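What you see is a predicted model, and the numbers here were worked out from it, not measured in a lab. Chain identifiers are assigned alphabetically (A, B, ...) following the order of the sequence lines, protein sequences preceding nucleic acid strands; residue numbering begins at 1 within each chain.
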Amino acid sequence: MPPKKKKRTSSQLSEQNESPAKLRKKTVGPKKMSIQACSGNKTSEVKCSLEQKDAGEKGQKELFTYWLMKSEPESRIENGVDVKFGIEDLKAQSEQTGCWDGVRNYQARNYMKDMKVGQLAFFYHSNCKMPGIAGIIKVVKEAYVDHTQFDKKDPHYDPSSKQDNPKWYMVDVQFVRMTKRFISLTELKKYHLEHKSSGGALKNMALFTRTRLSVQPLTEEEFNFVLNLEDKDPI
DNA sequence: GCCAACGTTGGC
DNA sequence: GCCAACGTTGGC
């Protein structure tokens, strides 16, 4: 998605959640971002974030602390608007921060609602010549209403969403750094396949088990494994 | 609530 | 540009 313009709103609350039990998911989402930001902090460091891990008991939802967010780095016109938004576009924005708007998939939305300030995510380039992980970003503002759902000119306008009960939310993310090298989908896939038989860290990586999800959770083990690939030669 | 038709995602 | 996978819609 395209870069969009900015605005900010914040609200949170309401929602219907669809989390369900049946899995609802949708996939989607493009992303895009917009501008400025809305909140921010700067500084970039590397890994931080804390961990809280799951609470999971009660059958409740597990809490993830690491994420992977997909966006398209190459131009593509959707409803007359260029939805290109690569990591360089985020980096170029004020405070190197932008809102992750345009997600129109319930499961991806719900994951964004679970995000906490300070958590890290991989910035994944999708639908392009070289798909893969290009950098690291962090959450700087928790879920709030995605205003683009009400904008008829926006490629992700959703006429079914009402102002008094918004369906879609976004978070603000800030560029942290590029990964030391680009970690391609091809490389990740090799590890995933290998790990499926060996029981390695990427055996259940969402990138391969839930391919159409644009906002995905990573376990700490998955995140660390991928991060360690930075210092190794590509396979 | 089932399910067929349709739409979208996204790798190749 | 093709197309597989899978999510959504809507009739019944």
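A/S197 contributes a side-chain N or O that, together with a main-chain N or O of A/E194, makes up a donor-acceptor pair within less than 3.5 Å. In this structure, A/S161 contributes its side chain and A/P166 its backbone to no donor-acceptor pair below 3.5 Å.
Rounded to whole Å, atom P of C/dT8 lies 13 Å from atom CZ of A/R104. Whole-Å rounding puts the A/N127 CG to C/dC2 P distance at 15 Å. Spacing between atom CG of A/L188 and atom C1' of B/dG10 amounts to 15 Å, rounded to whole angstrom units. Look at OH on A/Y106: it is 15 Å from P on B/dT8, rounded to the nearest Å. Atom-to-atom, CZ of A/R210 to P of B/dT9 comes out at 16 Å; the value is rounded to the nearest Å. Atom pair A/R76:CZ and C/dG1:C1' shows a separation of 14 Å (rounding to whole Å applied). For the pair A/E72 CD and B/dT9 P, the computed distance is 8 Å after rounding to whole Å. Look at CE on A/M69: it is 13 Å from P on B/dG10, rounded to the nearest Å.
You'll find the ring centres of A/F123 and A/F175 outside the 6.0 Å limit. Ring pair A/Y106/A/W168: centre-to-centre distance below 6.0 Å.
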What's touching nucleotides 4-7 of chain B from the protein side, N or O pairs under 3.5 Å?
from	atom 1	to	atom 2	distance (Å)
B/dG7	N2	A/R212	NH2	3.1

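Between A/Y124 and B/dG11, a side-chain N or O to OP1/OP2 separation shorter than 4.0 Å is present.
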Full working for side chain to side chain donor-acceptor pair (under 3.5 Å) between A/H156 and A/E78: CA-CA 9 Å; A/H156 304 105; A/E78 190 174 323; 2.9 Å; yes
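Using a 4.0 Å heavy-atom criterion, one finds that A/K129 contacts no nucleic acid atom at all.
The listed nucleotides are B/dC12, C/dT8, B/dG10; the one nearest the side chain of A/S214 is B/dG10.
Side-chain contact between A/E222 and A/F225 is absent, with no heavy-atom pair separated by less than 4.5 Å.
A cation-pi arrangement is absent between A/K153 and A/Y157, since the terminal nitrogen or guanidinium carbon is not both under 6.0 Å from the aromatic centre and inside a 45° cone about the axis.
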